[in-house]
Amino acid sequence: MGIFLLPFFIFIFAYFFPYFWAMAISSVMSLNIKLKFQILLSVFLFVFVGFCAIYSFIININYILFLAGFVIGTPLWVFRFYSNKRTSKVRFYIGLVATLFIIWEMEVPQQIIFHALTKDKTKYDIEIVDYNYTLPVNHKRFSVGDAKQYNDCVDDPSKCPLLPMPHQFKHYVYENRNGKEVMIAKLYAPYYSSTNLMLFFDTFKAGGDIRFYKHRYIERKGIYKYLENQKSSQKGENNGNK
(Lines give C-alpha, C1' and ligand atoms only; values in the text may rest on other atoms or scores of the structure.)
Protein backbone atom coordinates (compact mmCIF):
# COMPACT_ATOMS: atom_id res chain seq x y z
CA MET A 1 0.00 0.00 0.00
CA GLY A 2 2.91 2.32 0.78
CA ILE A 3 4.18 2.18 -2.82
CA PHE A 4 0.85 3.52 -4.11
CA LEU A 5 1.15 6.53 -1.80
CA LEU A 6 4.63 7.42 -3.05
CA PRO A 7 3.33 9.98 -5.60
CA PHE A 8 1.32 11.61 -2.81
CA PHE A 9 4.38 11.91 -0.58
CA ILE A 10 6.47 13.23 -3.48
CA PHE A 11 3.81 15.89 -4.06
CA ILE A 12 3.72 16.84 -0.36
CA PHE A 13 7.47 16.92 0.34
CA ALA A 14 8.85 18.02 -3.02
CA TYR A 15 6.13 20.41 -4.23
CA PHE A 16 3.66 21.51 -1.57
CA PHE A 17 6.00 22.14 1.41
CA PRO A 18 8.56 24.21 -0.59
CA TYR A 19 5.69 26.54 -1.50
CA PHE A 20 5.59 27.88 2.07
CA TRP A 21 9.27 28.51 2.74
CA ALA A 22 9.66 29.94 -0.77
CA MET A 23 6.74 32.26 0.07
CA ALA A 24 8.53 33.44 3.22
CA ILE A 25 11.89 33.86 1.45
CA SER A 26 10.45 35.86 -1.44
CA SER A 27 8.13 37.98 0.73
CA VAL A 28 10.94 39.28 2.92
CA MET A 29 11.28 42.15 0.44
CA SER A 30 7.83 43.36 1.49
CA LEU A 31 8.94 44.05 5.08
CA ASN A 32 9.61 47.60 6.20
CA ILE A 33 13.30 47.08 6.90
CA LYS A 34 16.47 48.17 5.16
CA LEU A 35 17.45 46.38 1.96
CA LYS A 36 20.58 44.81 3.50
CA PHE A 37 18.47 43.31 6.31
CA GLN A 38 15.95 42.03 3.77
CA ILE A 39 18.74 40.27 1.90
CA LEU A 40 20.25 38.88 5.12
CA LEU A 41 16.88 37.58 6.29
CA SER A 42 16.17 35.95 2.92
CA VAL A 43 19.58 34.29 2.94
CA PHE A 44 19.13 33.18 6.55
CA LEU A 45 15.77 31.54 5.80
CA PHE A 46 17.21 29.80 2.74
CA VAL A 47 20.24 28.55 4.67
CA PHE A 48 18.11 27.52 7.64
CA VAL A 49 15.78 25.33 5.56
CA GLY A 50 18.74 24.02 3.55
CA PHE A 51 20.61 23.06 6.71
CA CYS A 52 17.53 21.23 8.03
CA ALA A 53 17.10 19.37 4.73
CA ILE A 54 20.76 18.38 4.28
CA TYR A 55 21.46 17.47 7.91
CA SER A 56 18.24 15.49 8.19
CA PHE A 57 19.14 13.52 5.06
CA ILE A 58 22.65 12.83 6.39
CA ILE A 59 21.38 11.31 9.62
CA ASN A 60 18.30 9.65 8.10
CA ILE A 61 18.02 8.71 4.42
CA ASN A 62 14.21 8.78 4.69
CA TYR A 63 14.47 12.58 4.40
CA ILE A 64 15.51 12.36 0.75
CA LEU A 65 12.14 13.80 -0.33
CA PHE A 66 12.67 16.78 1.97
CA LEU A 67 16.10 17.35 0.41
CA ALA A 68 14.68 16.96 -3.10
CA GLY A 69 11.94 19.43 -2.32
CA PHE A 70 14.45 21.99 -1.08
CA VAL A 71 16.83 21.57 -4.05
CA ILE A 72 14.17 21.46 -6.79
CA GLY A 73 11.04 23.07 -5.40
CA THR A 74 12.50 26.07 -3.58
CA PRO A 75 14.09 27.89 -6.55
CA LEU A 76 11.06 27.17 -8.74
CA TRP A 77 8.61 28.60 -6.23
CA VAL A 78 10.83 31.60 -5.39
CA PHE A 79 11.12 32.44 -9.09
CA ARG A 80 7.35 32.11 -9.50
CA PHE A 81 6.61 34.41 -6.55
CA TYR A 82 9.05 37.05 -7.82
CA SER A 83 7.90 36.88 -11.44
CA ASN A 84 4.22 37.16 -10.49
CA LYS A 85 4.96 39.76 -7.78
CA ARG A 86 2.97 37.73 -5.31
CA THR A 87 4.70 39.00 -2.18
CA SER A 88 3.36 40.76 0.91
CA LYS A 89 3.84 41.00 4.66
CA VAL A 90 0.93 38.64 5.23
CA ARG A 91 2.47 36.07 2.89
CA PHE A 92 5.79 36.38 4.73
CA TYR A 93 4.26 35.62 8.13
CA ILE A 94 2.08 32.84 6.77
CA GLY A 95 5.08 31.29 5.04
CA LEU A 96 7.30 31.65 8.13
CA VAL A 97 4.80 30.11 10.54
CA ALA A 98 3.98 27.31 8.10
CA THR A 99 7.70 26.60 7.55
CA LEU A 100 8.38 26.26 11.27
CA PHE A 101 5.32 24.05 11.67
CA ILE A 102 6.35 21.85 8.74
CA ILE A 103 9.90 21.44 10.05
CA TRP A 104 8.50 20.43 13.45
CA GLU A 105 6.03 17.98 11.89
CA MET A 106 8.87 16.44 9.87
CA GLU A 107 10.64 15.90 13.21
CA VAL A 108 13.75 17.74 12.12
CA PRO A 109 14.70 19.19 15.55
CA GLN A 110 13.65 15.94 17.20
CA GLN A 111 15.84 13.87 14.85
CA ILE A 112 18.84 16.19 15.28
CA ILE A 113 18.66 15.90 19.08
CA PHE A 114 17.92 12.17 18.93
CA HIS A 115 20.91 11.55 16.66
CA ALA A 116 23.21 13.56 18.94
CA LEU A 117 22.09 11.50 21.95
CA THR A 118 22.30 8.09 20.29
CA LYS A 119 25.08 8.32 17.69
CA ASP A 120 27.50 6.40 19.94
CA LYS A 121 25.81 2.99 19.98
CA THR A 122 28.69 1.37 21.85
CA LYS A 123 27.78 3.02 25.17
CA TYR A 124 24.85 2.32 27.45
CA ASP A 125 23.53 4.81 29.98
CA ILE A 126 23.14 2.30 32.81
CA GLU A 127 22.84 2.97 36.52
CA ILE A 128 23.83 -0.14 38.49
CA VAL A 129 21.92 -0.30 41.77
CA ASP A 130 23.11 -3.72 42.97
CA TYR A 131 26.63 -4.95 42.23
CA ASN A 132 25.96 -8.32 43.85
CA TYR A 133 24.89 -9.93 40.60
CA THR A 134 26.55 -13.10 39.36
CA LEU A 135 28.53 -13.86 36.23
CA PRO A 136 28.05 -14.64 33.44
CA VAL A 137 25.22 -12.22 32.64
CA ASN A 138 22.92 -13.81 30.06
CA HIS A 139 19.30 -14.46 29.19
CA LYS A 140 19.13 -17.59 31.38
CA ARG A 141 19.23 -15.70 34.68
CA PHE A 142 18.79 -12.08 33.65
CA SER A 143 15.96 -10.18 32.00
CA VAL A 144 15.16 -6.67 30.84
CA GLY A 145 11.78 -5.10 31.65
CA ASP A 146 10.17 -1.85 30.53
CA ALA A 147 9.95 1.05 32.96
CA LYS A 148 6.48 2.48 33.63
CA GLN A 149 7.35 5.79 31.95
CA TYR A 150 8.34 3.97 28.78
CA ASN A 151 5.29 1.69 28.85
CA ASP A 152 3.03 4.73 29.25
CA CYS A 153 4.63 6.28 26.17
CA VAL A 154 4.13 3.09 24.16
CA ASP A 155 0.45 2.89 25.16
CA ASP A 156 -0.45 6.58 24.95
CA PRO A 157 1.39 9.03 22.62
CA SER A 158 0.20 11.99 24.75
CA LYS A 159 2.44 10.68 27.55
CA CYS A 160 5.54 10.67 25.35
CA PRO A 161 7.95 13.62 25.60
CA LEU A 162 7.84 16.06 22.67
CA LEU A 163 11.64 16.05 22.45
CA PRO A 164 14.14 13.27 23.20
CA MET A 165 16.03 14.00 26.39
CA PRO A 166 19.20 12.57 27.93
CA HIS A 167 18.76 10.21 30.87
CA GLN A 168 15.21 9.16 30.03
CA PHE A 169 14.17 6.12 32.03
CA LYS A 170 13.50 3.18 29.72
CA HIS A 171 14.29 -0.28 31.18
CA TYR A 172 15.00 -2.24 34.34
CA VAL A 173 17.52 -5.11 34.40
CA TYR A 174 16.64 -7.98 36.72
CA GLU A 175 18.48 -11.03 38.04
CA ASN A 176 16.59 -14.17 39.02
CA ARG A 177 17.81 -15.04 42.53
CA ASN A 178 16.24 -18.17 43.97
CA GLY A 179 13.06 -17.61 41.99
CA LYS A 180 12.81 -13.93 42.88
CA GLU A 181 13.31 -11.02 40.46
CA VAL A 182 15.88 -8.61 41.90
CA MET A 183 16.55 -5.30 40.14
CA ILE A 184 20.24 -4.77 39.55
CA ALA A 185 20.28 -1.86 37.10
CA LYS A 186 18.29 0.92 35.47
CA LEU A 187 18.77 1.72 31.82
CA TYR A 188 18.18 5.15 30.27
CA ALA A 189 17.71 5.94 26.59
CA PRO A 190 15.96 8.77 24.68
CA TYR A 191 12.56 8.40 23.03
CA TYR A 192 9.89 10.87 21.97
CA SER A 193 6.40 11.17 20.51
CA SER A 194 5.98 10.94 16.73
CA THR A 195 4.27 13.87 15.03
CA ASN A 196 1.05 13.30 13.09
CA LEU A 197 2.76 13.80 9.73
CA MET A 198 5.62 11.39 10.38
CA LEU A 199 3.31 8.91 12.05
CA PHE A 200 1.29 8.85 8.83
CA PHE A 201 4.44 8.63 6.69
CA ASP A 202 6.14 5.94 8.82
CA THR A 203 2.98 3.85 9.08
CA PHE A 204 2.57 3.50 5.33
CA LYS A 205 6.31 3.17 4.78
CA ALA A 206 6.36 0.24 7.18
CA GLY A 207 3.28 -1.35 5.65
CA GLY A 208 0.82 -0.52 8.43
CA ASP A 209 2.95 -0.99 11.56
CA ILE A 210 1.84 1.99 13.70
CA ARG A 211 4.45 3.39 16.08
CA PHE A 212 3.41 6.40 18.12
CA TYR A 213 6.94 7.01 19.35
CA LYS A 214 10.54 7.01 18.15
CA HIS A 215 13.29 5.13 19.94
CA ARG A 216 16.38 3.09 19.21
CA TYR A 217 16.49 -0.62 19.87
CA ILE A 218 18.96 -1.50 22.60
CA GLU A 219 20.52 -4.90 22.12
CA ARG A 220 20.28 -7.04 25.24
CA LYS A 221 23.55 -8.78 24.52
CA GLY A 222 25.21 -5.37 24.62
CA ILE A 223 23.58 -4.59 27.97
CA TYR A 224 24.70 -7.91 29.41
CA LYS A 225 28.22 -7.42 28.07
CA TYR A 226 28.36 -3.98 29.66
CA LEU A 227 27.30 -5.40 33.03
CA GLU A 228 29.93 -8.14 32.78
CA ASN A 229 32.63 -5.59 32.00
CA GLN A 230 31.55 -3.42 34.93
CA LYS A 231 31.61 -6.40 37.28
CA SER A 232 35.04 -7.44 36.02
CA SER A 233 36.37 -3.90 36.41
CA GLN A 234 35.06 -3.70 39.96
CA LYS A 235 36.69 -7.01 40.84
CA GLY A 236 39.98 -5.77 39.41
CA GLU A 237 39.78 -2.58 41.48
CA ASN A 238 38.95 -4.49 44.64
CA ASN A 239 41.88 -6.86 44.10
CA GLY A 240 44.19 -3.93 43.47
CA ASN A 241 43.16 -2.24 46.72
CA LYS A 242 43.97 -5.28 48.84
**Request:** Among K180, K231, R141, find the one that has a salt bridge (Lys or Arg N to Asp or Glu O under 4.0 Å) with E175.
**Result:** R141
**Item:** Residue pair Q111 / I59: nearest heavy atoms and the distance that separates them
**Value:** O-CD1, 3.5 Å
**Message:** Once you measure the plane-to-plane angle for H215 and Y213, does it fall in the parallel (<30°), tilted (30-60°) or perpendicular (>60°) bin?
**Reply:** tilted
**Prompt:** Only one of K214, E107, Q110 clears side-chain hydrogen bond (donor to acceptor under 3.5 Å, both in side chains) with Y192; which?
**Reply:** E107
**Prompt:** Looking at side-chain heavy atoms only, is the closest gap between M183 and V129 below 4.5 Å?
**Reply:** yes
**Item:** Any side-chain heavy-atom pair of Y63 and I58 under 4.5 Å
**Value:** no
**Fill in**
Rounded to the nearest 0.5 Å, the OH atom of Y131 sits from the CG atom of L227 at a distance of 9.0 Å
**Message:** Let me check something: do I128 and L187 share a hydrophobic cluster, defined by ILVMFWY side-chain heavy atoms less than 4.5 Å apart, either directly or through other members?
**Reply:** yes
**Message:** Evaluate D156 against D152 for side chain to side chain contact (heavy atoms under 4.5 Å, CB included), listing each step before the verdict.
**Reply:** CA-CA 6 Å; D156 185 353; D152 289 344; 6.0 Å; no
**Asked** Tell me, do Q230 and I126 make a side-chain contact under 4.5 Å, heavy atoms counted?
**Response** no
**Asked** Does CG in L162 sit with more than 12 non-hydrogen atoms of other residues, nucleotides or ligands closer than 6.0 Å?
**Response** no
**Prompt:** Nearest 0.5 Å, what's the CG-CZ distance between N196 and F212?
**Reply:** 10.0 Å
**Request:** With rounding to the nearest 0.5 Å, note down the distance linking CD1 in I184 to CD in E127.
**Result:** 12.5 Å
**Request:** Take atom CD1 of I61 as the centre, draw a 6.0 Å sphere, and report whether it contains more than 12 heavy atoms from other residues, nucleotides or ligands.
**Result:** no
**Prompt:** Has the side chain of S193 got a donor or acceptor atom that lies under 3.5 Å from a matching backbone atom of C160?
**Reply:** no
**Item:** Single-linkage hydrophobic cluster, 4.5 Å side-chain cutoff, L67 and F11 together
**Value:** yes
**Prompt:** Salt bridge check: are K186 and D125 linked by an N-O gap of less than 4.0 Å?
**Reply:** no
**Message:** Donor-acceptor pair, distance only, cut-off 3.5 Å: does the side chain of S83 make one with the backbone of R80?
**Reply:** yes
**Prompt:** So if you build clusters from Ile, Leu, Val, Met, Phe, Trp, Tyr with side-chain heavy-atom gaps below 4.5 Å, do F92 and Y19 land together?
**Reply:** yes
**Request:** Can you see which heavy atom on L31 is nearest to which on Q38, and at what distance?
**Result:** O-NE2, 2.8 Å
**Item:** Distance, nearest 0.5 Å, that separates CG of D146 from CG of D155
**Value:** 9.5 Å
**Prompt:** How many angstroms lie between CG in L100 and CZ in F20, if you round to the nearest 0.5 Å?
**Reply:** 13.0 Å
**Complete:** CD1 of I112 to OG of S56, rounded to nearest 0.5 Å, is 5.5 Å
**Message:** With heavy-atom distances below 4.5 Å as the criterion, would you say the side chains of I39 and M29 are in contact?
**Reply:** yes
**Message:** Could you check whether atom OH of Y82 has more than 12 heavy atoms from other residues, nucleotides or ligands sitting under 6.0 Å from it?
**Reply:** yes
**Asked** Can you get from V97 to W104 by hopping between Ile, Leu, Val, Met, Phe, Trp and Tyr side chains that sit under 4.5 Å apart?
**Response** no
**Request:** Determine, using the 4.5 Å side-chain heavy-atom cutoff (strictly less than), whether F114 and L197 are members of one ILVMFWY cluster.
**Result:** no
**Complete:** Nearest heavy-atom contact between V137 and E228 is N-OE2, 2.8 Å
**For F70, the option from F57, F46, Y15, F17 that meets ring-ring contact (aromatic ring centres under 6.0 Å, His included)** = F46
**Check against side chain to side chain contact (heavy atoms under 4.5 Å, CB included), I103 and F48** = CA-CA 10 Å; I103 287 175; F48 170 70; 3.4 Å; yes
**Asked** Of the non-hydrogen atoms in R216 and K119, which two are nearest, and what is the gap between them?
**Response** NH1-N, 4.3 Å
**Request:** Starting from the C-alpha separation in whole Å, work towards a yes-or-no answer on side chain to side chain contact (heavy atoms under 4.5 Å, CB included) for V182 and Y174.
**Result:** CA-CA 5 Å; V182 178; Y174 298 98; over 6 Å; no
**Request:** Grab the two heavy atoms, one from G179 and one from N176, that are nearest each other, plus how far apart they are.
**Result:** N-OD1, 3.0 Å
**Request:** Measure the shortest side-chain to side-chain distance between I25 and V43 over non-hydrogen atoms and say whether it is less than 4.5 angstrom.
**Result:** no
**Single hit among F101, F66, W77 for ring-ring contact (aromatic ring centres under 6.0 Å, His included) with W21** = F66
**4.5 Å side-chain heavy-atom contact, F81 and S27** = no
**Prompt:** Considering only heavy atoms from C-beta outward, does the side chain of F200 approach that of E105 to under 4.5 Å?
**Reply:** no
**Prompt:** Is it the case that more than 12 heavy atoms not belonging to R177 sit under 6.0 Å from its CZ atom?
**Reply:** yes
**Prompt:** If you take all heavy atoms of P164 and P190, which pair is closest and at what distance?
**Reply:** CB-CB, 3.9 Å
**Message:** Check for me whether K170 meets the cation-pi criterion with Y150, that is, NZ or CZ under 6.0 Å from the six-membered ring centre and within 45 degrees of the ring axis.
**Reply:** yes
**Request:** Determine whether P161 and Y191 make a side-chain contact, defined as any pair of heavy atoms from C-beta on separated by less than 4.5 Å.
**Result:** yes
**Message:** Taking the ring centre of each residue, are F169 and Y172 less than 6.0 Å apart?
**Reply:** yes
**Request:** Assess whether side chain to side chain contact (heavy atoms under 4.5 Å, CB included) is satisfied between T134 and F142, documenting all intermediate values.
**Result:** CA-CA 10 Å; T134 57; F142 293 81; 4.2 Å; yes
**Request:** Please indicate whether L76 has more than 12 foreign heavy atoms, meaning atoms of other residues, nucleotides or ligands, lying under 6.0 Å from its CG.
**Result:** yes
